[in-house]
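Small disclaimer: the values here were computed from a predicted structure and weren't measured.
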Amino acid sequence: EVPPSCTRGCELCSEYNGCLKCMPKLFILLERNDIRQIGVCLASCPVGYFGVRNPDMNKCNKCRIENCEDCFSRNFCTKCKEGLYAHKGRCYPSCPDGFSLTNGTTECTS
Amino acid sequence: PRRTAAKGLRHGGCPSRCHCEADGARLRVDCSDLGLTALPANLSVFTSYLDLSMNSLAPLTAGALAEFRFLEELRLAGNGLTHIPEGAFSGLGGLKVLMLQNNQLQRVPCEALQNLRNLQSFRLDANHIHSAPPGCFHGLVSLRHLWLDDNALTEVPVQALAELSSLQAMTLALNKIRHIPDHAFANLSSLVVLHLHNNKIHSLGEKCFDGLRSLETLDLNYNSLLDFPFAIKALTNLKELSFHSNNIRSIPEKAFTGNPSLQMILFYDNPIKFVGKSAFQHLPELRMLSLNRASEITEFPDLTGTTSLESLTITRARLSSLPGTLCDHLTKLQVLDLSYNIIQDLPSFSSCRKIQKIDLHHNEILEVRAGTFQGLMELRSLDLSWNRVRSVEPHAFADLPLLSKLDLSSNALSSLPTAGLGGLTHLKLSGNGDLRELMSAEDFPKLRVMEMPYAFQCCAFVACERSAKLWDTEESSGRELQSRRDADIAHVLNRPEEDYSLEDLLLELEENPKSKQSVQCSPAPGPFRPCHHL
């Protein structure tokens, strides 16, 4: 029985910091709660985070690409903020030279 | 119950226990983690987002979702699904995101994918997929992002992938792939990111990356590569290449001539012994180069055309000399670490105008001349410890306004010119047995940490009455504080480059202005090493 402070999918739970280790295949997301970090186990990372799978741990990492809402990896954006255009995993106010918008989308192609 | 809210609904109710939100005229429905075994009843046809992950759904049936023509995102992760029948997604022509990760699929459910013409993101990671037959992805003409990591693939599904000319990002990491054949990704002309880390790749076809003309990031970490990945020569737009944690023994001459846009190359944790002198030429975008333990390097690399380096590390090699033109290509260099070599003579570093940190410890340097470090207006830290320095010319440090850390410990000094050292906060001279001269506190107004060869040299910096009492506490805490400081800096240097950033290291150099303390001088004078006779 997992103590109340841990969500489903937790393998090692701490009363103070939530989940310390998730079950295989799940991602651990460290949420901040005041000065504490609370571990939560998820099947997929929330918007604004991308999952990194490794043999010993799967982790949600914050997406830090400029003007980006959601990422595939540390340097590839899958969804730009409103009003910006995606090109090769980056977000631009307008399409780079030599590229134009694909009709009906917010993506630049040659 | 956790979820009954249904905000602003106009098109049909919200399935019981689910959480619904209006999305303009559409509806976002979250029924995740409710223990469901079947699709919830009372789902609105205007549903655009449906999250059914982390339930226990029975296998989908053909046409089960056909009426949800507005569905754009469908999440079915973590349901233990073993197969998905043909027609399961029929009617979902508008679907853009499909998440099937963390199920029990043994193969890609090809039959169910045939008419998903608008699908852009497809997650199949964390299943047990061992194959993706030819034609499997036929029809996914809009697919941009594909996750196949953490499965059981033993080879690259070359023919299946050949149909994905719009694909931009793909991960095949954490599989059991052993070899990448020639032309494995030939049609993926739009691919920008390719992750292959944590496989068992021991060999690459010479042309295995041909066709990837848009590729910017290639991750080959944690594999079993024995040879340098020559196939990268086809990747003319590559910006980030990492192949750390493999078994590669050498980096050949002109290794990266096909990759002029490279900004980052990570290859630590390889038994690299030989590095071609021209290996790192003509990389005008490269910011950081780190070579550790390449013990067969005897000559400083030729960095012609590599003009943007900010951090250069070549440690534990056998460099015995440095070219006089060293700084000609390194005008943007901020951190230089050439420790653990056999360098005897130093050229002038004056043209390295941006340099902030120089590590030359554990070499065989004999002297420091006036022109060696002249005019380095940004230099903050200079480590020359563990050399054979016998003499320092009078104005060797005269022109270094920001120098705050100087380590000359464990050398052969008998005197030290103090011109220009007024800004020091850390001065280390221990291990210079012939250095007996007394230093004046006025010469070092900002000093906070000092290590001297003899205790009496600390008397000028630590008030004598207090020294007896402090002897016990300061002796231990001073060394303890210093070893923790060194450990911090060593930790920064040895941390895997993956999350090592130049800012971290430079921050280490910033002194914390708030912490005003007395000078911590060691060895501290005490009952058995009195000051009062001076």
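- For B:Phe209, the ring pair (Phe, Tyr, Trp, His ring centres under 6.0 Å) criterion is met by no residue, not counting sequence neighbours.
- Across every non-hydrogen atom of B:Asp33 and A:Arg8, the tightest pair is OD1-NE, 2.7 Å.
- Looking at B:Asn198, only its side chain comes within 4.5 Å of chain A, counting heavy atoms on both sides.
- Ion pairing between A:Arg90 and A:Glu66 fails under the 4.0 Å rule for side-chain N and carboxylate O.
- Between chain B and the residues A:Thr105, A:Thr109, A:Asn54, A:Asn58, the largest count of heavy-atom pairs under 4.5 Å involves A:Asn54.
- B:Asp51 meets the side chain to side chain contact (heavy atoms under 4.5 Å, CB included) test with B:Asp30, B:Ser32, B:Tyr49, B:Ser53, B:Arg75; sequence neighbours excluded.
- Looking at B:Gln120, there are no atoms closer than 4.5 Å to chain A (heavy atoms on both sides), in backbone or side chain.
- For B:Leu215, no part sits under 4.5 Å from any heavy atom of chain A, backbone or side chain.
- Within the 6.0 Å centre-distance limit, the rings of A:His87 and A:Phe99 are counted as a close aromatic pair.
- Counting heavy atoms of neighbouring residues, nucleotides and ligands inside a 6.0 Å radius, atom CG of A:Asp97 does not exceed 12 of them.
- Residue contact with chain A, scored on non-hydrogen atoms closer than 4.5 Å, involves the backbone and the side chain of B:Ala169 alike.
- Across B:Thr217, B:Asp125, B:Asp149, B:Thr171, the residue that shares the most heavy-atom pairs under 4.5 angstrom with chain A is B:Asp125.
- Of the atoms belonging to B:Ser190, not a single heavy atom falls under 4.5 Å from chain A.
- Looking at B:Gln101, the atoms closer than 4.5 Å to chain A (heavy atoms on both sides) all sit in the side chain, from C-beta outward.
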